[in-house]
Amino acid sequence: MRIIVVANANEGGKTAAQIFSQELQNGAKVFGLATGSTPLSTYRELCNSDLDFSDCSSVNLDEYVGISAANPQSYAYFMHQNLFAAKPFAHSFIPNGMAKEIDEEISRYNRVIDEHPVDLQILGIGQNGHIGFNEPGTPFDSLTHKVALTESTINANSRFFDDIRDVPKEALTMGLKSICQAKHILLLAYGQNKADAINKMVNGPVSEELPASILQNHANVTVIVDEEAASGLKTDR
């Protein structure tokens, strides 16, 4: 696990964009993408770059259940606004949270992942160590599945909604096994509120109670953290 400490999220975005560029140069064709505030600085750098993803595919981590792609709070909308409008991919796959048959949609998305092996997967991390929407207790062998969001995750996501009652209570997410199939994982974390989760992810036991700890078992993980998020790391690591 390679850890890169940067001054702030803007510097982190520049460093992450350099890794995207390196992967493209090395022949990467499939990029696993994430939403939320953490990857925004990375997407800004990509949008302002001369990188060309027009012959690449993207596979997103997750999507809310019960929100259409046209809804400004959907992750499909987020991706279009923050990346795809400026940097289109040949194919962009996102779970369909409006699917009438959720089990069929889960099977479809597992096939998408199998047919499009991810070369570089970008991740954030929750304060409780979740990655994607894989909350504590999620089995390490999980594939795409529907999850009931925890109260802490609903509260964290409420900043994007006018009313916390509007925050979806369920989502579709890649599972932990799905995520770890990526050849290279790039995890980003900024802010003091991520320091404990980062320390436990890097130094703690590998346990389903801290989902991100599974990354200790992955052969190629890069972690970009600002100084605040890195502040909990043990000095003897």
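Heads up: numbering here begins at 1 and tracks the sequence. The structure presented is a predicted model; accordingly, all values stated were derived computationally and were not measured.
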Indicate yes or no: does Lys29 engage Asp55 in a salt bridge with an N to O separation below 4.0 Å. yes

Taking atom types as modelled, find out whether Ser58 and Ser92 have a side-chain donor-acceptor pair closer than 3.5 angstrom. yes

Might you work through the side chain to side chain contact (heavy atoms under 4.5 Å, CB included) test for Val6 and Lys14, ending with a clear yes or no? CA-CA 10 Å; Val6 295; Lys14 292 176 182 178; over 6 Å; no

Could you report the tightest heavy-atom contact between Ala230 and Val5, atom names first, then the distance? CB-CG2, 4.0 Å

Rounded to the nearest 0.5 angstrom, the CG-CD1 distance for Leu215 and Ile131 is 4.5 Å

Thr173 side chain to Asp62 main-chain N or O, any donor-acceptor pair under 3.5 Å? no

Can you tell me how far the CG atom of Asn82 sits from the CG atom of Leu46, to the nearest 0.5 Å? 11.5 Å

What closest approach, in Å, do Asn134 and Gly175 show between heavy atoms, and which atom pair accounts for it? OD1-CA, 3.6 Å

Pair Tyr109 and Phe93, ring centroids less than 6.0 Å apart: no

Parallel, tilted or perpendicular, as decided by the 30° and 60° cut-offs, for the rings of Phe31 and Phe89: perpendicular

Exceeds 12 heavy-atom contacts within 6.0 angstrom, atom NZ of Lys177: no

Give a yes or no answer on whether the side chain of Asp226 reaches the backbone of Tyr190 with a donor-acceptor pair at less than 3.5 Å. no

Tell me if the NE2 atom of His80 is crowded by more than 12 foreign heavy atoms within 6.0 Å. no

Indicate whether any N or O donor in one side chain lies under 3.5 Å from an N or O acceptor in the other, for Ser41 and Glu45. no

Please name the pair of heavy atoms, one in Phe78 and one in Gly36, separated by the smallest distance, quoted to 0.1 Å. CZ-O, 3.3 Å

Donor-acceptor check, side chain of Glu208 to backbone of Phe140, threshold 3.5 angstrom: yes or no? yes

Backbone of Gly97 reached by a side-chain donor or acceptor of Glu63 within 3.5 Å: no

Lys194 (side chain) donor-acceptor with Ile125 (main chain) under 3.5 angstrom: yes

Is the side chain of Lys169 donor-acceptor paired with the backbone N or O of Val167 at a distance under 3.5 Å, no angle test? yes

The test is side chain to side chain contact (heavy atoms under 4.5 Å, CB included); show your working for Leu33 and Ile94 and say whether it passes. CA-CA 9 Å; Leu33 302 178; Ile94 300 176; over 6 Å; no

Students often mix this up, so state it plainly: with edges at 30° and 60°, are the rings of Phe133 and Tyr64 parallel, tilted or perpendicular? tilted

Can you tell me how far apart CD (Glu151) and CD1 (Ile164) are? Round to the nearest 0.5 Å. 7.5 Å

So which of Ile214, Leu233, Val223 actually passes side chain to side chain contact (heavy atoms under 4.5 Å, CB included) with Met201? Val223

Ignoring hydrogens and angles, tell me if any N or O in the side chain of Ser74 forms a donor-acceptor pair with the backbone of Ala70 under 3.5 Å. no

Hey, mind stepping through Gln216 and Val221 against side chain to side chain contact (heavy atoms under 4.5 Å, CB included) and telling me if it holds? CA-CA 8 Å; Gln216 292 183 36; Val221 177; over 6 Å; no

Least distance between heavy atoms, Ser21 atom then Leu51 atom: OG-CD2, 3.7 Å

In one Ile/Leu/Val/Met/Phe/Trp/Tyr side-chain cluster, 4.5 Å: Ile122, Val59: no

In terms of hydrophobic clusters joined by side-chain contacts under 4.5 Å, are Phe20 and Ile179 together? no

For the residue pair His116 and Ser57, what are the closest heavy atoms and their distance? CD2-OG, 4.0 Å

To the nearest 0.5 Å, atom CG of Asn96 lies from atom CD1 of Ile67 at 12.5 Å

Looking at Asn128 and Pro211, what are the two nearest heavy atoms and their distance? O-CD, 4.2 Å

